[in-house]
Amino acid sequence: MKAVVYNRPRDVSVTEVPDARIEDPNDIVVRVTSTNICGSDLHMYEGRTSFGPGFAEMGPYAGGQAECLRVPYGDFNALRLGEDAAARQNDYVMLAGVFPTGYHATEMAGVKPGDRTVVFGAGPVGLMAAYSAVLKGAGSVWVADHHEDRLELAEQVGAIPTDTREQDPAEVVKKAALGLGADHGCEYVGYQAHDPQGEEDAALTLNQLVDSVRFTGRIGVVGVFLPEDPGGKKAQNALGAKGTVPFDYGLMWFKGQAMGTGQAPRSPTRVSRAGRRGCCTRGARRRSASPTAPHRRGR
């Protein structure tokens, strides 16, 4: 089968690899009809991870950027899509990873109806976070980025666009919130954050969030931060190469803020219940839109 293979930084190709196959009685193999890339793939593509050449993997399992995908514990991990699966596969791809990851940070931040929320990063996941906050009934949702086209999309989902080339997001939010700041903040950029001039600063969005969010507010971070960054020394400094960032913890501590971080979890209970309503047959091949990686960079 054909799959996307990582050769070296900034060099990927579509190559023949061994076919996905049943290796355990609980496996299924699905034929992938739609997939997408992840911000984590871009970190790897730019040589900013420790991943070596080969077919992208998720732990011991091959990735989903291929013609077929082996799904372990298919009776638990897979859901049969509706009859509209082929016609709406792009929507299902969004629901497989992008939308839940954006939603997850709003959960960690504790977004509630009537709250003020600020989102840093207007990539696909950041936009889904803004949309999630709007759906949750947030009173005001700001989205900070320096890409005009992304800010236009943020406005379309009901958020207030904040162009970091022209405005200081913290000042914009505090001015609108009686000087207090937003109730919550969400980060969707990660360790390759950079200013409008292209200067990298891994702590840029984290420190801006601490400044933008009020005392005792909550922050949710799903932008990727790694303990090892091979390109970090050249792009930032020696500390950056070790995943160490100049984070303004003193201000965060002083303001009594709380922060949640990490991957968007998949609920076994929800998956199990959905699976019982119509999971695919063990060992069967079927059409599916497969997610790739759990993280994405909001740039």
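Remember, predicted model here, so these are calculated numbers, not experimental data. When a residue number appears, it is its place in the shown sequence, counting from 1.
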Taking all non-hydrogen atoms of both residues, which atom of [X] and which atom of [Y] are closest, and how far apart?
X	Y	result
Cys186	Thr117	SG-CG2, 4.5 Å
Gly110	Asp115	O-OD2, 3.9 Å
Asn26	Asp75	OD1-OD2, 3.8 Å
Gly123	Asp145	N-OD2, 4.3 Å
Ala130	Val157	CB-CG2, 4.3 Å
Gly185	Ala109	O-CB, 3.7 Å

For [X] and [Y], indicate whether the former's side chain and the latter's backbone hold a donor-acceptor pair under 3.5 Å.
X	Y	answer
Arg116	Gly181	no
Gln89	Ala86	yes
Asp248	Asn207	no

*Quick one: are Phe120 and Ser212 in side-chain contact, heavy atoms under 4.5 Å?*
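Phe120 vs Ser212: side chains touch.
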
*Any side-chain heavy atom of Asp195 within less than 4.5 Å of one from Asp201?*
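A side-chain contact under 4.5 Å is absent here.
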
Which value, rounded to the nearest 0.5 Å, describes the distance between [X] atom [atom1] and [Y] atom [atom2]?
X	Y	atom1	atom2	result
Gln197	Arg165	CD	CZ	10.5 Å
Glu46	Leu42	CD	CG	6.0 Å
Asn237	Lys242	CG	NZ	10.5 Å
Tyr73	Asp27	OH	CG	8.5 Å
His147	Leu153	NE2	CG	12.5 Å
Tyr188	Leu127	OH	CG	10.5 Å

*So Tyr131 and Tyr103, ring-ring contact (aromatic ring centres under 6.0 Å, His included) or not? Walk me through it.*
CA-CA 8 Å; Tyr131 188 42; Tyr103 180 87; over 10 Å; no

*Is it true that Lys136 and Glu107 have a side-chain N and a carboxylate O under 4.0 angstrom from each other?*
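Counted as a salt bridge, because a side-chain N and a carboxylate O are separated by less than 4.0 Å.
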
_Charged N-O contact under 4.0 Å between Asp183 and Lys112_ =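 Salt bridge: no.
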
Can you tell me if [X] and [Y] form a side-chain donor-acceptor pair at under 3.5 Å?
X	Y	answer
Arg31	Thr33	no
Glu187	Thr205	yes
Asp229	Gln236	no

*With side chain to side chain contact (heavy atoms under 4.5 Å, CB included) as the test, would you mind laying out the steps for Met128 and Thr101 before giving the verdict?*
CA-CA 8 Å; Met128 289 299 96; Thr101 305; over 6 Å; no

When you group the ILVMFWY residues by side-chain heavy-atom contacts below 4.5 Å and let the links chain together, are [Y] and [X] in the same group?
X	Y	result
Ile160	Leu178	no
Leu206	Ile219	yes
Met252	Leu180	no
Tyr249	Leu204	no

*Check step by step if side chain to side chain contact (heavy atoms under 4.5 Å, CB included) holds for Lys255 and Arg214.*
CA-CA 7 Å; Lys255 297 178 77 171; Arg214 63 169 173 80; 5.9 Å; no

*Do the ring planes of Phe225 and Tyr191 sit parallel (below 30°), tilted (30 to 60°) or perpendicular (above 60°)?*
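Ring orientation of Phe225 relative to Tyr191: tilted.
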
*Heavy atoms of other groups near Glu83 CD, more than 12 under 6.0 Å*: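 No, not enclosed.
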
_Gln167 vs Trp142, side chain to side chain contact (heavy atoms under 4.5 Å, CB included): CA-CA, chis, key distance, verdict_ = CA-CA 12 Å; Gln167 299 171 295; Trp142 291 269; over 6 Å; no

*Residue of the set Val213, Val111, Leu209, Thr106 for which side chain to side chain contact (heavy atoms under 4.5 Å, CB included) holds with His184*: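 Checked Val213, Val111, Leu209, Thr106 against His184; only one passes side chain to side chain contact (heavy atoms under 4.5 Å, CB included): Val111.
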
*So which of Asp19, Val32, Leu69 actually passes side chain to side chain contact (heavy atoms under 4.5 Å, CB included) with Met1?*
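In the set Asp19, Val32, Leu69, the residue that makes a side chain to side chain contact (heavy atoms under 4.5 Å, CB included) with Met1 is Asp19.
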
*Could you check Thr216 against Gln257 for side chain to side chain contact (heavy atoms under 4.5 Å, CB included), going step by step and ending with a plain yes or no?*
CA-CA 4 Å; Thr216 72; Gln257 296 170 339; over 6 Å; no

